[in-house]
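Working notes, beginning with the structure itself.
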Amino acid sequence: AAHMGFSSGWFDGYDWVIRVNPDVYIHDESKLFSMMGDPENWGVLAECHNRNHCTNHSGCTGMIHTDFFAVRPEHVDKDAFKNWNRAPSAERQANVAFSNIIEARREAWIWTN
């Protein structure tokens, strides 16, 4: 879905693209909205922690957690997700797809439980 959206231009003209798994809930959106309101931030990301529920992933500690992310689409390459069917995990793919945001130090990190 991310590949189709970015490569086909479906997200062009939007300020943000937000991906949230159905089992993710936000207790208080004020911190998220504050991060998204900062023009210096190109992405609001969550870190994948090695916890019991995460042990089936292929070494995802320290990677971008794909259960939630928010990015400004103009800062994501159109073909950022082109190798979706060959990526070893969604987390590894997100780290590559959003590498320009991280390298530019324009990301904000949100805490997850």
Considering residues at least two apart in sequence or located in another chain, which fulfil the salt bridge (Lys or Arg N to Asp or Glu O under 4.0 Å) criterion with Arg106? Glu40
Under the salt bridge (Lys or Arg N to Asp or Glu O under 4.0 Å) rule, collect the residues that match up with Glu29, sequence neighbours excluded. none
So, using side-chain contact (heavy atoms from CB on, under 4.5 Å) as the criterion, who are the partners of Val20 when residues are at least two apart? Ile18, Val24, Phe68
Are Ile102 and Val71 in one and the same hydrophobic cluster, where Ile, Leu, Val, Met, Phe, Trp and Tyr link if side-chain heavy atoms are under 4.5 Å apart? yes
Atom pair OG/CD1 of Ser99 and Ile64 - distance to nearest 0.5 Å: 8.5 Å
When you measure from the side chain of Asn41 to the backbone N and O of Met35, does any donor-acceptor pair fall under 3.5 Å? yes
Measure the CG-NE2 distance between Asn21 and His65 for me, rounded to the nearest 0.5 Å. 8.0 Å
Contacts of Lys82 meeting salt bridge (Lys or Arg N to Asp or Glu O under 4.0 Å) (sequence neighbours excluded), chain-then-number -> Asp79
Tell me whether Asp38 contacts the main-chain N or O of Ser34 through its side chain, where contact means a donor paired with an acceptor under 3.5 Å. no
Over 60° means perpendicular and under 30° means parallel, so tell me whether Phe81 and Phe69 are parallel, tilted or perpendicular. parallel
Candidate pair Leu32 and Met36, rule side chain to side chain contact (heavy atoms under 4.5 Å, CB included), full reasoning: CA-CA 6 Å; Leu32 173 62; Met36 291 174 67; 3.8 Å; yes
Search all heavy atoms of Pro39 against all heavy atoms of Arg72 and return the closest pair with its distance. CA-NH2, 3.7 Å
Among all residues two or more places apart in sequence or in another chain, which pass the side-chain contact (heavy atoms from CB on, under 4.5 Å) test with Phe11? Phe6, Val17, Pro73
Does anything in residues 4-16 pair up under side chain to side chain donor-acceptor pair (under 3.5 Å), and if so which pairs, sequence neighbours excluded? Asp12-Lys78
For Ala90, the side-chain contact (heavy atoms from CB on, under 4.5 Å) test, sequence neighbours excluded, returns Thr66
Does a side-chain heavy-atom distance below 4.5 Å link Glu47 with Met63? no
Are Met4 and Phe98 connected into the same hydrophobic cluster when the rule is that any two of I, L, V, M, F, W, Y join if their side-chain heavy atoms are below 4.5 Å apart? yes
Could you pull out all residues at least two apart from Glu107 that satisfy side-chain hydrogen bond (donor to acceptor under 3.5 Å, both in side chains)? Trp109
Taking only residues two or more places apart in sequence, or in another chain, which ones meet Arg86 in a side-chain hydrogen bond (donor to acceptor under 3.5 Å, both in side chains)? Asn83
Give the ring-plane orientation class for Trp42 versus His75, where under 30° counts as parallel, over 60° as perpendicular and anything between as tilted. parallel
